[in-house]
Amino acid sequence: MDDFFFSGSGKCAHVPPAGSLDQQDVAAPEPQTEEAVQLQTGTYWLTRIVLLRSICFIYFVAFAVAYNQNRALIGQRGLTPCREYLRSVKQYVGGKIGGAALAYTPSVLWSMQWEDMDANLDNIALAGLALSGFVLLSGRSNMVIMAALWTLYHSIVSVGHQLLETGFLGIFLCPLWNLEQIPRRTPPSLISIWTFRWLIVRIMLGAGLIKIRGDRCWRDLTCMDYHYETQPVPNPISYYLHHSPRWFHCFETLSNHFIELIVPFFTFMGRRMCMINGALQILFQVVLIISGNLSFLNWLTIVPSLACFDDSALEFLFWSSGTARRTVLKIQNEDAAGQNPPATARMLIRRVVNVSLGILIAYLSVPVLINLLSSRQVMNTSFDPLRIVNTYGAFGSITKERTEVVFQGTLSADPSGEEVVWEEYEFLCKPGSVSRRPCLISPYHYRLDWLMWFAAFQTYEQNEWIIQIAGRLLANDSTVLSLMGHNPFEDREKPRWIRGEHFRYKFTKPGSTSAVNGNWWVRKRIGPYFPAVNLEGLRRYFQSRNWPQPDNY
């Protein structure tokens, strides 16, 4: 009986009896299918697709946040109307809408009709959602689309340096007009790939250095004892991580220093070490995503880390028989055989553009590097008006106690009466009721909840918009109430008085009486944040600041 064995292709091959082989009997080996061949290292076609989709996922979330919240925050009846801000900028630069105004606040809103600013904000957000959604689903883009997304987001953001820089770099990943997923004549530039790698290096070093130079708890390894409880918007997992053993918190802090201060240098140590850097940075961000609601910040930080991987490393993300992978394999085979497409004028121009990008990023990185090396390092700052190359950092100092501002309203005519009943408003996510479970919203973002976290560290005089919220609540204004989670006066008469109370919050201890009773928090009153106010008392206050009277809404 003949013997059989399985060939590398998975098919049965016949083996002649011993001694019967000659040259004619040896069949040529069956060529391997494309699916069985691993992609070569050193090309970035698939990397480009992954980067573009990742960037546009963040854009999609950011524009969704803008569409749902911008009317209430910066719309015509918003807490800080952008129309008034643009008018103040126009006055500051000499009363004209020109180059100075655009340099101070780059925005397409300058060229729009200001009479219906809500519609302008909605249209910008919807256009951004449509464009980013297209790229996210198709994996296809060009410079025009990416430049449009960058311009649209630039028009509605006042603080968002990291997404603006990442989005700007994404423009140069793409061909000018072509919408092919893998445009043969526009290969991903190594310069473009390295701009993303340089971004993740700066992000992590900035974050690591600001910690070492900032709060002492980063040096004595105690910061993580407080972080989970005092971060802007904790999630349910934050509760359990906060109660981790002391040794685990020390390990977390040491790991943080290693990831942020040592690992970034792996980027410059060859392909393997660069990929280790990318993998560790992504894992680090995933841990941060799981442990708290830090908006889409950590999701965004994953994006430049993806540039640490080439096609060979990322091919597992693509179907082995898919068009993208087969096209890349064909291109690699052609390049290996010297069958490169002939150079054209457009290709030469593109090379000039890529080199120019590298020179621009290097030039704009000079003040950023100086800042990183400075003992007076600042974080999250831009040194150019278009926010192309920025300095980053987070949690340079850790608050040791969590304080919250709680809005309370009453129907009583006398707020100082003995029998007055104060009822509490709830925000969408931030701590309020001690029995409410922390929310889980990442990568989405409730901007007012975030701002309230900062306001609790300061006074209402430093955050006058707090008083504007109080006036809007007195009027049961639907614009502000859309940013709140619970209105105790819904379908009732308007409250007569509103006050702000200042509380100190702490997580309950597992197994304690409070925890057994279903409470996630315990709180203790610090005192009044702002005194009880009514509409009549706020009228002059609103007039002095040129705010619309809340009872006119």
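Residues take their numbers from the sequence shown, with the count starting at 1.
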_Distance in Å, M224 CE paired with N256 CG, rounded so as to fall on 0.5 Å steps_ = 7.0 Å
*M146 versus C174, closest heavy-atom pair with distance*: CG-SG, 3.7 Å
_Q162 versus T301, side-chain donor and acceptor atoms under 3.5 Å_ = yes
*asked:* A quick test of your reading: do over 12 heavy atoms of other residues, nucleotides or ligands sit less than 6.0 Å from CZ of R87?
replied: yes
*Return the minimal non-hydrogen interatomic distance between P183 and E180, and the atom names on each side.*
CD-O, 3.5 Å
*Nearest 0.5 Å, what's the CD-OG1 distance between E464 and T80?*
12.5 Å
_Close side-chain approach of I331 and R184, heavy atoms under 4.5 Å_ = yes
*Within a reach of under 6.0 Å around CD of Q91, are more than 12 heavy atoms found that belong to other residues, nucleotides or ligands?*
no
_Min side-chain heavy-atom separation L360-F168 under 4.5 Å_ = yes
Could you list the donor-acceptor pairs under 3.5 angstrom formed between side-chain atoms of residues 107-116 and any protein atom two or more places apart in sequence or on another chain?
residue : atom : partner : partner atom : Å
S107    : OG   : L109    : N            : 3.0
S107    : OG   : S155    : O            : 3.0
W110    : NE1  : T105    : O            : 2.7
S111    : OG   : V108    : O            : 2.8
W114    : NE1  : L109    : O            : 2.9
W114    : NE1  : M112    : O            : 3.4
D116    : OD1  : A119    : N            : 3.3

*Is there side-chain contact between T186 and M143, with heavy atoms separated by less than 4.5 Å?*
no
_Cation-pi, W450 ring and R447 (6.0 angstrom, 45 degrees)_ = no
*Should W299 and F57 be marked as a ring pair (Phe, Tyr, Trp, His ring centres under 6.0 Å) after you check the CA-CA gap, both sets of side-chain angles, and the distance that decides it?*
CA-CA 9 Å; W299 300 76; F57 169 73; 5.8 Å; yes
*Lys/Arg N to Asp/Glu carboxylate O, D118 vs R77, below 4.0 Å*: no
*Kindly check if the number of other-residue, nucleotide or ligand heavy atoms within 6.0 Å of CZ (F457) is above 12?*
yes
*Starting from the C-alpha separation in whole Å, work towards a yes-or-no answer on side chain to side chain contact (heavy atoms under 4.5 Å, CB included) for H486 and Y425.*
CA-CA 6 Å; H486 171 63; Y425 291 85; over 6 Å; no
*ring pair (Phe, Tyr, Trp, His ring centres under 6.0 Å) between H227 and F395: does it pass, once the steps are laid out?*
CA-CA 9 Å; H227 167 72; F395 296 106; 4.9 Å; yes
*Mind checking the SG-CG spacing from C82 to N70? Nearest 0.5 Å is all I need.*
8.0 Å
*What are the two closest non-hydrogen atoms of Q181 and G139, and how far apart are they?*
CG-O, 3.5 Å
Pair up each side-chain donor or acceptor in residues 361-372 with any protein partner under 3.5 Å, not counting sequence neighbours, and list the distances.
residue : atom : partner : partner atom : Å
S365    : OG   : W198    : NE1          : 2.9
S365    : OG   : I361    : O            : 2.6
N371    : OD1  : V378    : N            : 3.0
N371    : ND2  : V378    : O            : 2.9
N371    : ND2  : T391    : OG1          : 2.9

_Before you tell me yes or no, could you show the steps for R472 and Q468 under side-chain hydrogen bond (donor to acceptor under 3.5 Å, both in side chains), namely the whole-Å CA-CA distance, both residues' side-chain angles and the distance that decides it to 0.1 Å?_
CA-CA 6 Å; R472 301 289 190 89; Q468 188 173 172; 3.0 Å; yes
_Euclidean distance, I290 CD1 relative to I237 CD1, rounded to 0.5 Å_ = 6.0 Å
*Straight-line distance of I55 CD1 to T166 OG1, nearest 0.5 Å*: 6.5 Å
*Going through the distances and angles, do I58 and L163 end up as a side chain to side chain contact (heavy atoms under 4.5 Å, CB included)?*
CA-CA 8 Å; I58 306 299; L163 180 51; 3.8 Å; yes
_Between E165 and R202 (salt bridge meaning N to carboxylate O under 4.0 Å), is one present in this structure?_
yes
*Atom pair CZ/CG of R185 and N178 - distance to nearest 0.5 Å*: 11.0 Å
_Is it the case that atom CH2 in W319 sees more than 12 heavy atoms from other parts of the structure closer than 6.0 Å?_
no
*Please find out if less than 6.0 Å separates the ring center of Y444 from that of Y446.*
yes
*Report, as yes or no, whether the 6.0 Å neighbourhood of atom CZ on F134 holds more than 12 heavy atoms from other residues, nucleotides or ligands.*
yes
*Within the side chain of N142, is there an N or O that forms a donor-acceptor pair under 3.5 Å with the backbone of L179?*
no
*Test log, rule side chain to side chain contact (heavy atoms under 4.5 Å, CB included), inputs L39 and L46*: CA-CA 10 Å; L39 295 180; L46 300 182; 3.6 Å; yes
_So which atom in S482 and which in L428 form the shortest heavy-atom distance, rounded to 0.1 Å?_
O-CD1, 4.4 Å
*Any ion pair linking D449 and K430 (charged N to carboxylate O, less than 4.0 Å)?*
no
Can I get a per-line list of side-chain donor-acceptor pairs under 3.5 Å for residues 263-279, giving both atom names and the distance, sequence neighbours left out?
residue : atom : partner : partner atom : Å
T267    : OG1  : P264    : O            : 2.7
T267    : OG1  : N277    : ND2          : 2.8
R271    : NE   : D310    : OD2          : 2.7
R271    : NH2  : D310    : OD1          : 3.2
N277    : OD1  : Q281    : NE2          : 3.1

*Going by the side chain to side chain contact (heavy atoms under 4.5 Å, CB included) test, name the single residue among L173, L149, L52 that passes it with S141.*
L52
*Test item: side-chain donor near acceptor, D311 and T43, under 3.5 Å*: yes
